[in-house]
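First up is the structure itself, then whatever we jot down about it.
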2 protein chains.
Amino acid sequence: MGRRSDHSREQIARMALEAARRIVREEGLGALTARRVAGAIGYSPGTLYLVFNNLDGLIMQLNAGTLDELFALLRRAAESGDGGRASIRALARGYVGFSLEHARLWGAVYEHRLPVGEQVPPWLQTRIERLVGLVETPLRELAPERDADQVRLAANALWSGIHGACILHLSGSLEKTRGGSPLEIADSLVDHYLRGFCGT
Amino acid sequence: MGRRSDHSREQIARMALEAARRIVREEGLGALTARRVAGAIGYSPGTLYLVFNNLDGLIMQLNAGTLDELFALLRRAAESGDGGRASIRALARGYVGFSLEHARLWGAVYEHRLPVGEQVPPWLQTRIERLVGLVETPLRELAPERDADQVRLAANALWSGIHGACILHLSGSLEKTRGGSPLEIADSLVDHYLRGFCGT
DNA sequence: TGTTTTTTTGAACGTCGTTCAGGTTTTGCG
DNA sequence: CGCAAAACCTGAACGACGTTCAAAAAAACA
């Protein structure tokens, strides 16, 4: 078959990402192959390579979408609180909830590995950093006496902790028996860390 | 070629794991293939399957060895402290140090994914849980008034935090600029969490 | 209409994990 | 020692993977 012009390049990209999203959501990143995505949108594998550099590019765009969704959720969560401790707790719970509800899509963000030597593109890196930034605002309110570097460090520490709880849960590495759900772990981290960070 | 009997099955397994270790240490898990391991030990790919169920089995045995090394290191670290806060700090720093020094071997433990439906075998699961257990002993000393479940939760929380810091660093997801090294993040987590956990 | 341009294909390449019929060497036995 | 039986190891083969690109086909243009 030759030229069809049924869809523009942008349309094909959108369709491919949509199909990829469905595959990853239902079967995980391991089930995502170029042939499957192509088949799902009624095009041949070669066509995908007119739209994406390679599968890694497709996956990174998929992950960018997932991170955008997560960002929107967390921004709402942060605004729902009163701006201090409640916001941070809401952020933590929002992150845990997202990682549980969209486990495979969220997992794909951290499961995917670039070939050695390749760098995470800035437009994806930015989306990750933007997330950690959400913690800084309420942290600043909560501990006005701390300088920017200390707040940044605390935000990274809290973020690492919540993230670690989620990822250890996803990989099944955390003890299931009496070990605490990721939600309990996240709450514990936030409560005790904050109590230590700003003496309250 | 036919029967050789140059090495016993156990010897072949040891040689294969040694070769796999070198490959992963130098080039990462992505460079590990059955053909490469087989070639490195002077056997054909088929022979590997007489010794391991499949590549996943080889990788999990490799990871078990890595976790054993980590456990030995952390046990020494915990004993070096006075048993309380210093031990926990030493554990955190030991974990971070290991993850940095043996980045690719350590990363392989968490990068490797079983095919869907497969479970992590108990002999590997045990090695992971044993690690978190190392945190509980000094935690108990530090907060004698807490019951076992609370100590367990705190150990999991601290472990998740340290682990999260390391894995975000490895994947390059943490801001490099003024974000704090994994060591700083780990110290911050331990110090502030412990101050909140046992009011000191 | 014929010609050019654009778009899409799908066979092909090299790689992967994995299998297994068959060849080769050792072993056991008379 | 000779010869069958057993044990061991090979390597070609299979299907699937990411990726490429000559060529076919359709659209656009003349």
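Both backbone and side-chain heavy atoms feed into the values below; hydrogens, waters and symmetry mates do not.
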Atom-pair distance ([atom1] on [X]; [atom2] on [N]), nearest Å:
X: B:Leu50; N: C:dA21; atom1: CG; atom2: C1'; value: 14 Å
X: B:Arg35; N: D:dG11; atom1: CZ; atom2: C1'; value: 10 Å
X: B:Ile59; N: C:dG17; atom1: CD1; atom2: C1'; value: 11 Å
X: B:Arg36; N: C:dG14; atom1: CZ; atom2: P; value: 20 Å
X: B:Ile23; N: C:dC16; atom1: CD1; atom2: C1'; value: 14 Å
X: A:Leu48; N: D:dC21; atom1: CG; atom2: C1'; value: 16 Å
X: B:Phe52; N: D:dC9; atom1: CZ; atom2: C1'; value: 16 Å
X: B:Asp6; N: C:dT24; atom1: CG; atom2: C1'; value: 13 Å

Out of [options], whichever nucleotide has its closest atom nearest the side chain of [X]:
X: A:Asn54; options: D:dC9, D:dT19, C:dG17; answer: D:dT19
X: B:Tyr49; options: D:dA13, C:dT19, D:dT10; answer: C:dT19
X: B:Ile12; options: C:dT9, C:dT18, D:dC9; answer: D:dC9

For A:Pro45 and for B:Arg9, locate the closest nucleotide of DNA chain D by heavy-atom distance; then report the residue assigned to the nucleotide nearer the 5' terminus. B:Arg9

Report which part of the nucleic acid B:Leu32 touches: base, sugar-phosphate, or nothing (heavy-atom distance under 4.0 Å, all strands). sugar-phosphate

Looking for any heavy atom pair under 4.0 Å, which part of the strands does B:Thr47 touch: base, sugar-phosphate only, or nothing? base

Over 60° means perpendicular and under 30° means parallel, so tell me whether B:Tyr95 and B:His163 are parallel, tilted or perpendicular. tilted

Indicate yes or no for a side-chain donor-acceptor contact from A:Arg146 to the backbone of A:Phe197 under 3.5 Å, with no hydrogens or angles considered. yes

Without swapping roles, check the side chain of A:Gln11 against the backbone of A:Ser8 for a donor-acceptor pair under 3.5 Å. yes

Treating Ile, Leu, Val, Met, Phe, Trp and Tyr as nodes and any side-chain heavy-atom pair under 4.5 angstrom as an edge, say whether A:Leu124 and A:Leu105 lie in one connected cluster. no

Under 4.0 Å between a side-chain nitrogen and a carboxylate oxygen: does that hold for A:Asp191 and A:Arg85? no

Within less than 4.0 Å of OP1 or OP2 of C:dG10, is there a side-chain N or O belonging to A:Ser44? no

